[in-house]
**Q** 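First the structure, then my questions, so here it is.
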There are 2 protein chains.
Amino acid sequence: MTEKDTEQKILDAAQDIFVRKGLDGTRMHEIAEQAGINKALLHYYFRTKEKLFLKVFSLAFPKILPRTMEIFDSDMPFLEKMEHFIDRYISLIGSNQALPLFVISELAKNPDKIVGIMKEAHRNMEFDLIERIKQDVAEEIRQGRIIDIDHRQLFVNVLSLCVFPFIGRPVITYMGFDNDRKEYEKFLKTRKKQVYEFVVRSITP
Amino acid sequence: MTEKDTEQKILDAAQDIFVRKGLDGTRMHEIAEQAGINKALLHYYFRTKEKLFLKVFSLAFPKILPRTMEIFDSDMPFLEKMEHFIDRYISLIGSNQALPLFVISELAKNPDKIVGIMKEAHRNMEFDLIERIKQDVAEEIRQGRIIDIDHRQLFVNVLSLCVFPFIGRPVITYMGFDNDRKEYEKFLKTRKKQVYEFVVRSITP
DNA sequence: GTCTATAATGTGATAGAC
DNA sequence: GTCTATCACATTATAGAC
């Protein structure tokens, strides 16, 4: 067993448990058990629970949204960017369904602890996302290809339509699907197409 | 100090802390302190932390979504219902900004503990929400007033557009607002109008 | 109903052998 | 690097006086 292997096994177990149970709900011995090692070894590698958590968070956060946003940094036509973004974003969320809620709720509970990670993630973006979207939207409006709309409202609308069906799943299934999970799975499968069409209908003249 | 007063003080403190810190992040002594009473008294009134939590959850959950949904159980024109729903829903969320994330994340972490409360809330609804929306949408489509759209997709879209800007706030402010909170406050103030117009543009022929 | 004191257990973290 | 044993403290919950 090399050092790299053990560290990776810890991080895998830690991510799985932190994401499901949150910082406060996670026990160090549970991570150790799932990683197949001793509890003391966690501290040998990561010193404290908080440091381990921050490491996990910093690795987990960039897995979805930042990676998807790169799509806007290309010269595709705007609506094509939108289509690619929705497709890729929903795919990534679908493969990591618990991640968005984890990121949001831990960030809400511990903004101070995590602010450093967010700042770094923001610095690491190789272009100014919101400025680029602003320019794109302005140009589309000027060309008459989309209606006059605030670029940030559009941005938040698209995010909301993509991610909330996954985050709000437990409530939605009760309120709108009689807690029928199979039915909700089918529903989620059609989201990419539905979201894209919903957005396009709303912004094309 | 009457019994009612003490119980209410406990519930007020418990809701405030549980909503901000979650079940796992909350300490009983913190609730006692904030309620201005002794720790043992919490157990006298609610026996265990879990029972207190479930009481708080069952009181908090109906405060927003179920209360707003009643709007669909009226004979207003459909688009007017929609406008009222968006207006009222966003108002309630704005007055209880941490509640939706609390409900969703606790439900995700402890579905088994809370399932009873959800079932009861569902039973207590005095009409079949999703069936009513289905009928309304079908009739609107038949009359040619809105385009052909799946009623549940529309339902989830509206929910998403209303609630996600509040839930996802910490992430959105970083990704799209350079962490400028004042700017985001202004943004939220315009949501009612923006969401309604976005939805209407998308569903009217 | 309300308090103080304390029990019973859980949890993060470290010491020290190998 | 990895383990066992253990410390130091926090936390839920209860006992019992008032």
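Just so we're on the same page: letters track the sequence lines, and every chain starts at 1.
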**Q** Looking only at the aromatic ring of each residue, does the gap between the centers of F18(A) and F102(A) stay below 6.0 angstrom?
**A**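 Here the rings of F18(A) and F102(A) have centres that are no less than 6.0 Å from each other.
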**Q** Could you state the CD1-C1' distance from I17(A) to dG12(C), rounded to the nearest angstrom?
**A**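 Interatomic distance, CD1 of I17(A) to C1' of dG12(C): 15 Å.
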**Q** Look at the side-chain N and O atoms of T6(A) and state whether any lies under 4.0 Å from the OP1 or OP2 oxygen of dG1(D).
**A** no
**Q** Measure the shortest side-chain to side-chain distance between N96(B) and F166(B) over non-hydrogen atoms and say whether it is less than 4.5 angstrom.
**A** no
**Q** Check the angle between the aromatic planes of F187(B) and Y184(B) and answer parallel, tilted or perpendicular using the 30° and 60° thresholds.
**A** parallel
**Q** To the nearest Å, give me how far apart OH (Y44(B)) and C1' (dA5(C)) are.
**A** 19 Å
**Q** Using atom types as modelled and distance alone, determine if a side-chain donor or acceptor of R191(A) lies under 3.5 Å from a backbone N or O of V163(A).
**A** no
**Q** R47(A) has an atom CZ; how far is it from atom P of dT14(C), in whole Å?
**A** 6 Å
**Q** Quick one: K49(B) NZ to dT12(D) P, roughly how many Å, whole number?
**A** 5 Å
**Q** Can you tell me how far P of dA13(D) sits from NE2 of H43(B), to the nearest Å?
**A** 4 Å
**Q** Rounded off to whole Å, could you give me the CG-to-C1' distance for the N38(A) and dG12(C) pair?
**A** 13 Å
**Q** Kindly point out which of dT2(D), dC3(C), dA13(D) is positioned nearest to the side chain of T48(B)?
**A**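 Taking heavy atoms from C-beta onward, the closest nucleotide is dA13(D).
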**Q** Would you tell me if any nitrogen or oxygen in the side chain of R27(A) comes within less than 4.0 Å of OP1 or OP2 on dG12(C)?
**A**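 For dG12(C), OP1 or OP2 has a side-chain N or O of R27(A) closer than 4.0 Å.
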**Q** CD1 of I31(B) versus P of dA13(D): gap in Å, rounded?
**A**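 One finds 11 Å between P of dA13(D) and CD1 of I31(B), rounded.
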**Q** For the pair made of CG in L41(A) and C1' in dC18(C), what is the distance, rounded to whole Å?
**A** 14 Å
**Q** Which nucleotide wins on minimum distance to the side chain of M28(B), given the candidates dT12(D), dC3(C), dT2(D)?
**A** dT12(D)
**Q** Can you see if the side chain of H29(A) gets near the phosphate of dT11(C) - specifically, an N or O under 4.0 Å from OP1 or OP2?
**A** yes
**Q** Starting at the 5' end of DNA chain C, which residue's closest nucleotide do you reach first, K39(B) or A40(A)?
**A**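 The 5'-side residue here is K39(B).
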**Q** Please give me the minimum heavy-atom distance between M69(A) and F127(A), naming the atom from each residue.
**A**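 Of all heavy-atom pairs spanning M69(A) and F127(A), the closest is O-CZ, 3.4 Å.
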